[in-house]
Amino acid sequence: YISGYFCIRALSKKAGKKFWGPKWTRIGLPWLIGILIIAPLTSFIMPYSRGLCNDLMTSLTRYYWFNPATGGAGEFFNQVPFWYLGMLLLLYAAAYFIVKVCPSYAQQKAPSSPRFWFFLLIGIFTFINCMVIDMITGDEYLWVNIGYVLKIQVSRVLLYILYFFLGIYAWHHHWFEDGCYVPSAVK
């Protein structure tokens with residue numbers, strides 16, 4: 001939510017390298033360092049502690065980067081807490097693309113306050129999303145690897161998108177600005 005709010009605000013002022021430069025410095029580089037160095041090392045601990053292997057290279061090649069039996073990522077492949085940075089970069093790219101295609105998307109509209117039904121619909125969508133995806137997959141903790149680049153939790157991905165673009169919607173309608181809509185808990 002907060003990332004969407006400030007993403008569109010930045011896109012209204014910057015484009016191209018001026019927008020992406022700070023994003024890569026603050027999000028892209030930590031994400032790459034995290035998934036290429038830190039996550040594999042922390043994942044080495046799992047097979048090592050279970051006595052499955054005693055050396056780092058076996059751990060990385062058999063249990064992390066590649067599993068010869070399945071032809072995909074190893075069973076211990078994960079991005080630990082860095083998964084969200086990859087998702088955030090993808091959401092930034094989507095917002096950037098939308099602004100490129102429709103520049104008016106980066107302009108604020110007239111100030112407005114959300115109605116009760118607005119929050120009610122978001123709550124209902126959140127509930128239905130979690131219930132339906134959990135029923136379809138049978139596992140609310142199901143994580144999917146997308147080409148070693150993204151790791152997403154299937155039951156939550158639509159919520160990430162919803163709340164990111166809700167932040168953009170809030171910026172469009174001047175929420176949290178002086179004289180405009182500010183929730184009572186924030187005042």
Side chain to side chain donor-acceptor pair (under 3.5 Å) pairs, two or more places apart, involving residues 94-104: none
Members sharing L29's hydrophobic cluster (side chains within less than 4.5 Å): none
Hydrophobic cluster membership, M135 vs F125, 4.5 Å side-chain cutoff: no
K151 side, atom NZ; W83 side, atom CH2 - distance, nearest 0.5 Å: 11.5 Å
4.5 Å side-chain heavy-atom contact, L85 and P30: yes
Selection residues 84-94 - residue pairs positive for side chain to side chain donor-acceptor pair (under 3.5 Å), sequence neighbours left out: none
For K18 against K14, the heavy-atom pair lying closest together: O-CD, 3.4 Å
Shared hydrophobic cluster for F127 and I124 (ILVMFWY, side-chain gaps under 4.5 Å): yes
side-chain contact (heavy atoms from CB on, under 4.5 Å) partners of I2, counting only residues at least two apart: F6
Distance-only criterion, 3.5 Å: show the donor-acceptor pairs between side-chain atoms of residues 153-160 and protein atoms not counting sequence neighbours.
from : atom 1 : to   : atom 2 : distance (Å)
Q153 : NE2    : E140 : O      : 3.0
S155 : OG     : E140 : O      : 2.8
R156 : NH2    : E140 : OE1    : 3.2

Side chains of V99 and I8 in contact at under 4.5 Å (non-hydrogen atoms): yes
Hphob cluster co-occupancy, L90 + I146, side-chain heavy atoms under 4.5 angstrom: yes
Partners passing side-chain contact (heavy atoms from CB on, under 4.5 Å) against I136 (at least two apart in sequence or in another chain): V132
Value rounded to 0.5 Å, distance of CG in L142 from OG1 in T137: 5.5 Å
Interatomic distance, W20 atom CH2 to I27 atom CD1 [nearest 0.5 angstrom]: 8.5 Å
I133 side, atom CD1; I128 side, atom CD1 - distance, nearest 0.5 Å: 11.5 Å
Residue pairs passing the side chain to side chain donor-acceptor pair (under 3.5 Å) test where at least one lies in residues 23-34, sequence neighbours excluded: W31-Q79
Pairs of donor and acceptor atoms involving the side chains of residues 34-41, under 3.5 Å and at least two apart or interchain, shall be tabulated with distances.
none

Heavy-atom pair with the smallest gap, counting every atom of A106 and S12: O-CB, 3.1 Å
Same apolar cluster (I L V M F W Y, side chains within < 4.5 Å links), L88/V80: yes
Name each donor-acceptor pair under 3.5 Å that joins a side chain in residues 163-182 to protein atoms two or more places apart or in another chain, with its distance.
from : atom 1 : to   : atom 2 : distance (Å)
Y163 : OH     : T126 : OG1    : 2.8
H172 : NE2    : Y105 : O      : 2.5
H173 : ND1    : S112 : OG     : 2.9
H174 : ND1    : E177 : OE1    : 2.9
H174 : NE2    : K109 : O      : 2.7
W175 : NE1    : S112 : O      : 3.0
E177 : OE2    : Q108 : NE2    : 3.0

ILVMFWY network linking L89 to F97, side-chain heavy atoms under 4.5 angstrom: no
